[in-house]
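Source: prediction; values computed, not measured.
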Amino acid sequence: MRKSPARRRAPIDYALFGAAVALLVIGVVMVYSSSVIYAEKNLGRPYYFFQRQFIWAIVSMFAMGAMSRFDYNRLREYERLCRSIAVLG
């Protein structure tokens, strides 16, 4: 039996990756700078919103890394399911 040839991984687009990371960092800094006083006064924890945003930023970086390795052409197999979910949702 013959194995199918392995697919080659596309190289990382460092400019796009750098832009995404820069926007992520700017967004986290903006959340911190706009919410630190409110969080200190009302919650007693000045880093409350920053910590939440930072955790989601880390989660999103892992998700971005996982999806960058996913062959998006395989999504055609799930086209009907995705459309059904989109219409029902």
Does Y72 OH have over 12 foreign heavy atoms under 6.0 Å away? no

Path from V25 to I58 over hydrophobic side-chain contacts below 4.5 Å: no

Mind checking whether W56 and M30 sit in one hydrophobic cluster, side chains of I, L, V, M, F, W, Y counted as touching below 4.5 Å? no

Before you tell me yes or no, could you show the steps for F50 and V31 under side chain to side chain contact (heavy atoms under 4.5 Å, CB included), namely the whole-Å CA-CA distance, both residues' side-chain angles and the distance that decides it to 0.1 Å? CA-CA 6 Å; F50 172 76; V31 165; 5.5 Å; no

CG of L81: more than 12 outside heavy atoms within 6.0 angstrom? yes

Nearest 0.5 angstrom please: L75 CG to C82 SG, how far? 6.5 Å

Can you tell me how far CE of M61 sits from CE of M64, rounded to the nearest 0.5 angstrom? 4.0 Å

Side-chain heavy atoms under 4.5 angstrom apart, residues restricted to Ile, Leu, Val, Met, Phe, Trp, Tyr: same cluster for F17 and F62? no

Indicate every side-chain donor-acceptor pair of residues 36-46 with a distance under 3.5 Å to a residue at least two apart or in another chain.
from : atom 1 : to  : atom 2 : distance (Å)
R45  : NH2    : Q51 : OE1    : 3.3

Heavy atoms from other residues, nucleotides or ligands near CZ of F49 exceed 12 (cutoff 6.0 Å): yes

